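Some notes on the structure that comes next.
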Amino acid sequence: MKASRLAALAFGALALGVAAYVSAPSAHAHGDVQPQPVDTAGLEPLGEEWREENPYRGNRKAIEIGASGYNQNCARCHGLEVISGGLAPDLRHLEKGKDGDEWFSQRVQGGAIINGVTKMPSFAGVISQERLWAIRSYIESQHVDE
Ligand code: HEC
């Protein structure tokens, strides 16, 4: 009798554990992106086709919008104010100009999957082109030489 009651208790605890696991999607959705809205009002719309070069470089409004977009979507890995705490590369060192734009495009579109592990999620179709180039503008405004 006693043993079966214990077993029932254990089963109950297990079921509770499973329920908690299932109702907490972030616990097993590693690498998924939960993009935060970034207002792009005041920026020239860019259409569908991806630009090869940042159309907003040096644009004050873009830098401002990009700062909040960066803080909401990138800072948890790349560090607040683009100062890396070591989890991910320090983007202040990302090359300026077109070369940096190219590497930026590759990473934000393709993400970084290393040995089958998603180190950085892809933001293609998740964050608009306008928002991504605004983020690039902000990153470039924080550039420091190595
Ligand atoms: C889940 C963590 C994570 C998030 C969120 C993230 N990144 Fe990354 N990112 C990484 C890691 C890790 C790498 C390094 C990958 C590697 O080893 O090549 C990286 C690499 C990069 C690189 C290439 C840097 C270099 O020096 O090679 C760029 C550019 C970049 N990320 C931009 C962004 C931007 C912009 C955002 C936000 C829209 C973002 N990342 C969000 C983790 C993240």
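Excluded from the calculations below are hydrogen atoms, water molecules and symmetry mates; all remaining heavy atoms, backbone and side chain alike, are included. Atoms within each ligand, like the ligands themselves, are counted from 1 in listed order. Since we're looking at a predicted model, the values are computed, not measured.
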Exercise. Would Arg136 and Glu140 pass as an ion pair if we require N to O under 4.0 Å?
Worked result: yes

Exercise. Rounded to the nearest 0.5 Å, how far does SG of Cys74 lie from CE of Met120?
Worked result: 7.0 Å

Exercise. Counting heavy atoms only, which part of Arg76 comes closer than 4.0 Å to ligand 1: side chain, backbone, both or neither?
Worked result: side chain

Exercise. Any donor-acceptor pair under 3.5 Å linking the side chain of Ser122 with the backbone of Gln109?
Worked result: yes

Exercise. Taking the minimum heavy-atom distance to atom 41 (C) of ligand 1, which of Phe123, Trp103, Phe104 ranks first?
Worked result: Phe123

For this session: Number the atoms of ligand 1 from 1 as they appear, then name those within less than 4.0 Å of a heavy atom of Ile114, with their elements.
Result: 15 (C), 16 (C), 17 (O), 18 (O)

Exercise. Rounded to the nearest 0.5 Å, what separation is found between the CG atom of Leu46 and the CD atom of Glu130?
Worked result: 4.5 Å

Exercise. Which protein N, O or S atoms sit under 2.8 Å from atom 8 (Fe) of ligand 1?
Worked result: His78 NE2, Met120 SD

For this session: Taking the side chain as every heavy atom from C-beta outward, state whether Arg51 and Trp133 have any atom pair closer than 4.5 Å.
Result: yes

Exercise. Is there a donor-acceptor contact under 3.5 Å from the side chain of Asp90 to the main chain of Arg92?
Worked result: yes

Exercise. Counting distance only, does the side-chain N/O of Glu53 pair as donor-acceptor with the main-chain N or O of Asp101 below 3.5 Å?
Worked result: no

Exercise. Counting each atom of ligand 1 from 1 as listed, which ones have a heavy atom of Asn73 under 4.0 Å away?
Worked result: 5 (C), 37 (C), 41 (C)

Problem set entry | Those residues that, when tested against Ala75, pass side chain to side chain contact (heavy atoms under 4.5 Å, CB included) (two or more places apart) | Tyr70, Asn71, Leu80

